[in-house]
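Both counts, for ligands and for their atoms, begin at 1 and track the order of listing. Worth knowing before you read on, the calculation uses all heavy atoms, side chains too, and leaves out hydrogens, waters and symmetry mates.
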Amino acid sequence: MVKNLARYVGVFNEYNVYVRFSGYPKIALVYPSTYQASITNLFTHIAYFYLLEKSDALIDRFTLDNPDRGSITGRKLREFDLILASANYELDLLYLAKLLADSGVEVLAEKRDMKPLVIVGGLAAMSNPEPFLDLADASFIGDGEILLQKLVRYLDILPKDPRGFLDSLGEGIYTGEERVKKIFIEDLNNSIHPTVEIRSRKIEPVFGEGFYVEISRGCRWLCKFCLESYVMYPYRCRSLETVRNLVDEGLKHVDRRRVVIYSSSPFDHPGIRDLLKYLVENEIDFSLPSIRWDTVRLDDLDMISKSSQRTLTLAPETMSSSLGCSIGKCFDPTAFSELATAALRRGFNIKLYIVVGFPSERDEDLQKTLRHLKKLSTLSREFGRRLTVNINPLIPKPHTPLQDSSLLTEKEYLKRVKLFEVELGRSTITHLQWLYAFAQSLIALGSRPIGRLFALIASRRLSRRDITELASTLKVDIKFPLRQRTREERPWNRVIFPLDHIIDRISI
Ligand code: SF4
């Protein structure tokens, strides 16, 4: 297959793609976000190459930048038999509805009669599929590679009998009728990872040009608010040997000798230091987009500074030791200050993520965080480096120990944001707009009618007035994210994840 790769085709002037203008059945990979986000997501590449290689299907891709025409074939989305949609973020529900509407596909599953059949997967859709099922016919609860293997087995029956096709997929398929357990790959070394990744002459992926490699999945720290660690559990690593082989092969198909390392916490990988050494010795540039700060040693900074990466993105969430420990992410001020100083001294800018509104947060926790940030801000200035602090409210997520917690009201949230802005200066602070956090909470924690609400909002715009107006017309409660909820108010309790049986015991 690799030798038949086409160059500079379609609306995005893509290379590393295949040109197959006909095939049976027709499968659309839908990423309800920008084209750039779609090629930054590894599953886009996994699904595209796997389905092309293992089936005779016609495969094309759609994003918000090309909702009506496939990026390679230019075919319309409504001509396809199957839509595989990724929804890693809650608002992808809204954008999926918009994309379907813009491409002339009936948005509501009940009116579409499986033509085309829509299956949605990804972090947000897996964790709480209920609101997604107003749009999709099914959600897949598990690692997407398993779904791909199942799909190719039964594709022949899909166009004539989509219901029979869906039933054949078996385990992991959630349609809202029966309880479903998450299924997952046990050994990443034996799972699919493309060595060729779709690239475009017009648009680079979010983290820049290079080969993107996933070295681990899940996260062993299980911070109490973290969706990814609970939903992607168990934590699994690819071996150093597998990763090195992928890198060697993958670099043959990109324009820059650069590797972007995907992992929630790369320094937990037992082979990471050997991998970085290997990259440096072979003059391969690299980037680590996310790092758990307390896993990084000072000599790791020396290694990272040999790459072109100039910003360290760290997410302490809080700089209060007691609050940190209560959310499962203990904060050691001395160790953090040592690491941050060493990073600034080596020329790194620092970007921090802080979360406000944890259930056990008190004023003194915020004050402690502010005190540490102010010191860090002064230090950054002394070193001539840039510090940015991104503030987010806690958005409670299903299947995590904080799943029943409440979202801050807008007033309480903005009060905290203001505090940070006053103490640190507006140029240092960015923050998530409360409306977006509220919309995310509605989808993360909501039931089926929330899906209907967002399907209708898709044809308008995301505004407070439209949400309130439509909720009142549909008689949908939208106040629930703002209060503590009970165990009975978990619409996601029919999808079972491996740690569900213990999370109530470790809630705050
Ligand atoms: S370290 Fe980061 S990715 Fe891992 S559980 Fe904590 S917040 Fe999640």
Side-chain angles (χ1 to χ4, degrees), residues 40-42 88-90 122-124 126-128 143 182 184 188 207 212-238 260-270 272 287-297 300 304 311-332 335-336 339-340 350-361 365 369 389-403 405 432 437 440-441 444 497-500 502-503 505-508:
T40 307
N41 180 275
L42 214 46
N88 290 308
Y89 307 101
E90 290 79 13
L123 206 53
M126 268 203 272
S127 62
N128 180 16
D143 288 327
K182 181 198 169 182
F184 56 88
L188 281 188
F207 302 114
Y212 286 49
V213 65
E214 182 201 43
I215 63 166
S216 64
R217 196 173 290 184
C219 180
R220 71 184 183 91
W221 293 93
L222 298 170
C223 302
K224 292 184 182 180
F225 55 89
C226 179
L227 180 70
E228 173 135 10
S229 64
Y230 286 87
V231 167
M232 298 313 280
Y233 185 88
Y235 174 58
R236 292 145 288 167
C237 289
R238 278 197 167 85
V260 177
I261 298 170
Y262 274 0
S263 167
S264 305
S265 176
F267 285 96
D268 285 324
H269 189 292
I272 185 68
S287 171
L288 295 157
S290 78
I291 300 174
R292 172 157 170 137
W293 75 267
D294 55 358
T295 58
V296 185
R297 301 190 315 224
D300 295 331
I304 302 172
T311 299
L312 285 189
T313 303
L314 310 171
E317 326 296 355
T318 172
M319 294 178 150
S320 153
S321 313
S322 51
L323 179 61
C325 288
S326 81
I327 57 162
K329 204 169 196 179
C330 290
F331 181 76
D332 176 343
F336 185 82
L339 182 84
I350 296 182
K351 184 174 180 186
L352 297 179
Y353 280 86
I354 297 292
V355 172
V356 293
F358 286 114
S360 47
E361 177 191 279
D365 296 311
T369 300
V389 180
N390 187 282
I391 312 281
N392 288 275
L394 171 75
I395 301 174
K397 299 289 174 94
H399 307 281
T400 68
L402 299 190
Q403 60 190 337
S405 307
L432 178 70
Q440 282 180 42
S441 308
F497 283 80
L499 294 179
D500 282 354
I502 56 143
I503 48 176
R505 278 187 258 146
I506 51 174
S507 303
I508 292 182

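Using a 4.0 Å cut-off between charged nitrogen and carboxylate oxygen, Arg217 and Asp143 count as a salt-bridge pair. Classification of Glu90 and Lys397 as a salt-bridged pair holds, one side-chain N sitting under 4.0 Å from a carboxylate O.
Heavy-atom contacts from other residues, nucleotides or ligands closer than 6.0 Å to OH of Tyr233 number 12 or fewer.
If you number the atoms of ligand 1 from 1 as listed, the ones under 4.0 Å from a heavy atom of Phe225 come out as 7 (S).
Ser326 and Ser360 form a side-chain donor-acceptor contact under 3.5 Å, judged by distance and modelled atom types alone.
A distance of 8.0 Å separates OH of Tyr230 from SG of Cys223, quoted to the nearest 0.5 Å. Atom OH of Tyr353 is separated from atom CG of Asn392 by 7.5 Å, given to the nearest 0.5 angstrom.
Near atom 6 (Fe) of ligand 1, less than 2.8 Å away, sit the protein N, O or S atoms Cys223 SG.
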